[in-house]
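This chain uses plain numbering: 1 for the first residue, then up along the sequence. Nothing here was measured: the structure is a model prediction, and the numbers come from that model.
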Amino acid sequence: MTSDLELDIYQKIGKALKDIRQEKKLTLQQIEKMSDQYAPRISKAENGKVNLSLGWIIHYCNVLDINPSEVFTRAFAEDFKSQQLENLLEKFETYTSQNSKD
């Protein structure tokens, strides 16, 4: 069974792949011809409706002629920013609590 967190991850990766494909002005049918995947499967992947293996993601990135890291950077950019902000706030809280003791 797939958890909500996993679905969110697949949706973020799928959206990143779709955005990149559209930026390259490629249709699902063009991708289908360039790869061994069917357009409906690609569409489901881009919409976060199927579990994506790392191998499938890398294969699709090769078809799009991009580095897989670009997909993950785009997919999780907001998560990275949130985590960095949380870390910064945590350090700031530690700093302010130490200074208030002085």
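Nearest approach of Lys25 to Gln30, heavy atoms of both residues: O-OE1, 3.6 Å. Residues Asn47 and Gln11 come closest through the heavy atom pair O-CG, 4.1 Å. For the residue pair Glu32 and Ile42, the shortest heavy atom distance occurs at N-CD1, 4.1 Å. Between Met34 and Val63, the shortest heavy-atom distance links the atoms CE-O, 3.4 Å. Nearest heavy-atom pair across Ala16 and Val71 is CB-O, 3.6 Å. The shortest non-hydrogen separation linking Pro68 to Cys61 is CA-SG, 3.6 Å.
Between atom OH of residue Tyr60 and atom CZ of residue Arg41 there is a gap of 11.5 Å, rounded to the nearest 0.5 Å. Distance check: Leu28 CG to Gln22 CD gives 8.5 Å after rounding to the nearest 0.5 Å.
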Please evaluate residues Tyr10 and Asn51 with respect to the criterion side-chain contact (heavy atoms from CB on, under 4.5 Å), reporting the C-alpha separation (whole Å), side-chain torsions for both, the decisive distance (0.1 Å), and the verdict. CA-CA 7 Å; Tyr10 296 133; Asn51 298 354; 3.2 Å; yes
Any chance you could lay out the side-chain contact (heavy atoms from CB on, under 4.5 Å) test for Ile31 and Leu64, step after step, and finish with the verdict? CA-CA 8 Å; Ile31 296 295; Leu64 292 173; 3.7 Å; yes
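The salt bridge (Lys or Arg N to Asp or Glu O under 4.0 Å) analysis of residues 59-69, with sequence neighbours excluded, yields no pairs. Evaluation of the ring-ring contact (aromatic ring centres under 6.0 Å, His included) test over residues 16-38, restricted to residues two or more places apart or in two chains, returns none.
Evaluation of the side-chain contact (heavy atoms from CB on, under 4.5 Å) rule for Lys15 yields Asp19 as partners, not counting sequence neighbours. Taking Asp36 as the reference, His59 meet the side chain to side chain donor-acceptor pair (under 3.5 Å) condition, with sequence neighbours excluded. Residues satisfying the side chain to side chain donor-acceptor pair (under 3.5 Å) criterion with Asn67, sequence neighbours excluded, are Ser69. Partners of Arg74 according to the salt bridge (Lys or Arg N to Asp or Glu O under 4.0 Å) rule, which considers only residues two or more places apart in sequence or in another chain, are Glu23, Glu70. Residues satisfying the side chain to side chain donor-acceptor pair (under 3.5 Å) criterion with Gln37, sequence neighbours excluded, are Trp56. Under the side-chain contact (heavy atoms from CB on, under 4.5 Å) criterion, Thr73 pairs with no residue, sequence neighbours left out. Applying the side-chain contact (heavy atoms from CB on, under 4.5 Å) criterion to Phe76, with sequence neighbours excluded, gives Ile9, Lys12, Ile13, Phe72, Asp79, Phe80.
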